[in-house]
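Residue numbers begin at 1 in each chain, while the letters A, B, ... track the order of the sequences. Computed from heavy atoms alone, side chains included, the values below leave out hydrogens, waters and symmetry copies.
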2 protein chains.
Amino acid sequence: MREIQLQVRPGTAAFSKGQERVLKILQSARDLMISSGYHNLTLRKVAAGAGISVGNLNYYYSNKQDLLRDLLNSVIESYIEEFDKVRQDAGASPEKQFVAIIRFIIEDLGTQETTHFFPELWALSNHDSYAAERMDELYIKARAVLNDLICILNPALNEQDRQQVALFVSASMEGLTPFVGFEKPWSSQRSSISNIAASSFLHLVTTITAEDISGLAVP
Amino acid sequence: MREIQLQVRPGTAAFSKGQERVLKILQSARDLMISSGYHNLTLRKVAAGAGISVGNLNYYYSNKQDLLRDLLNSVIESYIEEFDKVRQDAGASPEKQFVAIIRFIIEDLGTQETTHFFPELWALSNHDSYAAERMDELYIKARAVLNDLICILNPALNEQDRQQVALFVSASMEGLTPFVGFEKPWSSQRSSISNIAASSFLHLVTTITAEDISGLAVP
DNA sequence: TAAAAAATAGTACAAGCGACCTATATTTTA
DNA sequence: TAAAATATAGGTCGCTTGTACTATTTTTTA
């Protein structure tokens, strides 16, 4: 279970009770976002979910935008922490590490949190520059893990090409979300799709050349 | 430029003026969805955008859900028509056709309509079963084009395996949307990414075996 | 323990929402 | 042209929203 990351707000919630409250508020907001979408996220519902009054919620977050930003921060932070953990799982060969990461990420798509939160984030980022920036940060860290492994698996690639390959691999997996995610039409075949992804991406990163990327190859 | 597809509603708008109005309403709703997201789509704004009163909008759509459904229908229909056109472009070899489709779809991600509309659709489909069904229909037709070509490019694959490969290819491209789409961080490198996708997917569909998919291969 | 700081509930409010109704204008039909 | 069908604007309703304010309770500090 992923955990909400606390982001202490300056001037408020400097004491233990307040910190717990902020945690409950963020937990409630996150649950609402996942169960009903941002479209249905209201301060009254967040307050009710946290077991406090609207007035009290207003004490911690003086406006909705502040709450949304803190929510994005905390959820995104929890994913970043997860990426770091994945990285530590450094076991056998770089090939096996690479495949393990692919499998881990696609498996994670099956959770309701990931399946529901990310499309909200993508939609939000189209109209909210703060969301866009935080999303960008998140994916930079997600790709960093892939990047390091691609560097070993295909030393001939230069930095830019490597990053483009990492982007392609990372984005491709994200794209599976609405299809193999939580209670999606293809979720029962998630592991088959995971096999396809693993073999396809492993071949891609180990064999791709600069010519392929620049378009100078056969087409 | 994609065009709004008219879906004449039974009992209303059976005459020319009404049909034009419905078109303007849908156009307005679509523009709002793309420019500000579903979160900011209100009947008053739709009416203002269509140059009519709220009362008049209510004459054509007695409630917001009806309007949303018609909007989804019309936009999705316009994409389905586009897929059919792509199919007719049947030119040279199946390899070239396949690559052409990949390139076409990724190029289309660069439009503001596609970049903004689809994340809204994905988010919506998590909490609205009607949206989920229409989205499913849309992607079934999108994959059908790929499916036919994979059938030629890799005759050894059985139906189920082929569909899973098509799903992986299609979903992977969709995943590029928040990264190489309209005014996204990597949009200037869209054609490089397109090259990676083309070479990766072409190799995948021509070489993948049932053992790769079932997971009985090396790993 | 007394004063100060923090936390909380309750209320109020203006704005915006979807939905509904009615009267009038316009267009089509016969 | 008269009648019928269609289209339109404007207003109103009850409700929800985010935000603000106030009074009270709880907790921390000195």
OP1, OP2 of [N] versus side-chain N and O of [X]: anything below 4.0 Å?
X: B:Y59; N: D:dT8; result: no
X: A:N56; N: C:dA7; result: no
X: A:Y60; N: C:dT8; result: yes
X: A:R21; N: C:dA7; result: no

Value in whole Å for how far the [atom2] atom of [N] lies from [atom1] of [X]:
X: B:H39; N: C:dC17; atom1: NE2; atom2: P; answer: 11 Å
X: A:I52; N: C:dA9; atom1: CD1; atom2: P; answer: 7 Å
X: A:Y61; N: D:dA20; atom1: OH; atom2: P; answer: 17 Å
X: B:L32; N: C:dG18; atom1: CG; atom2: P; answer: 11 Å
X: B:Q19; N: D:dT8; atom1: CD; atom2: P; answer: 13 Å
X: A:E20; N: C:dT8; atom1: CD; atom2: C1'; answer: 15 Å
X: B:L41; N: C:dG16; atom1: CG; atom2: P; answer: 17 Å
X: B:K24; N: D:dT8; atom1: NZ; atom2: P; answer: 10 Å

Residue whose nearest DNA chain C nucleotide is more 5′ - B:N58 or B:K45 | B:K45
Within the structure shown, what part of the strands sits under 4.0 Å from B:V54 by heavy-atom distance: base, sugar-phosphate, or nothing?
-> nothing
Describe the nucleic acid contact of A:L57 in one word from base, sugar-phosphate, nothing, applying a heavy-atom distance below 4.0 Å.
->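 Nothing, no heavy atom under 4.0 Å.
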Report yes if the distance between the aromatic ring centroids of A:F201 and B:F168 is under 6.0 Å, otherwise no.
-> yes
Got B:E137 and B:I76 here, is their nearest side-chain heavy-atom distance under 4.5 Å?
->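 No, side chains not in contact.
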When the nearest nucleotide of DNA chain D is assigned to A:G55 and to A:T42 on a heavy-atom basis, which residue is associated with the more 5' position?
-> A:T42
If you check the A:L43 side chain, which of D:dT19, D:dA7, C:dT8 turns out closest?
->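 Taking heavy atoms from C-beta onward, the closest nucleotide is D:dT19.
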From the candidates C:dA9, C:dA19, D:dG18, the one with an atom nearest any side-chain atom of B:K64 is C:dA19
Does a salt bridge link A:K85 with A:E82, judged by any charged N lying under 4.0 Å from a carboxylate O?
-> no
Side-chain H-bond candidate by donor/acceptor type, A:Y139 with A:E174, under 3.5 Å =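 Distance-only check passes for A:Y139 and A:E174.
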Would you call the rings of B:F118 and B:Y79 parallel, tilted or perpendicular, where under 30° means parallel and over 60° means perpendicular?
->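 The rings of B:F118 and B:Y79 stand perpendicular, inter-plane angle above 60°.
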Please confirm whether any donor atom in the side chain of B:R44 sits under 3.5 Å from an acceptor in the base of C:dG16, or the reverse.
-> no
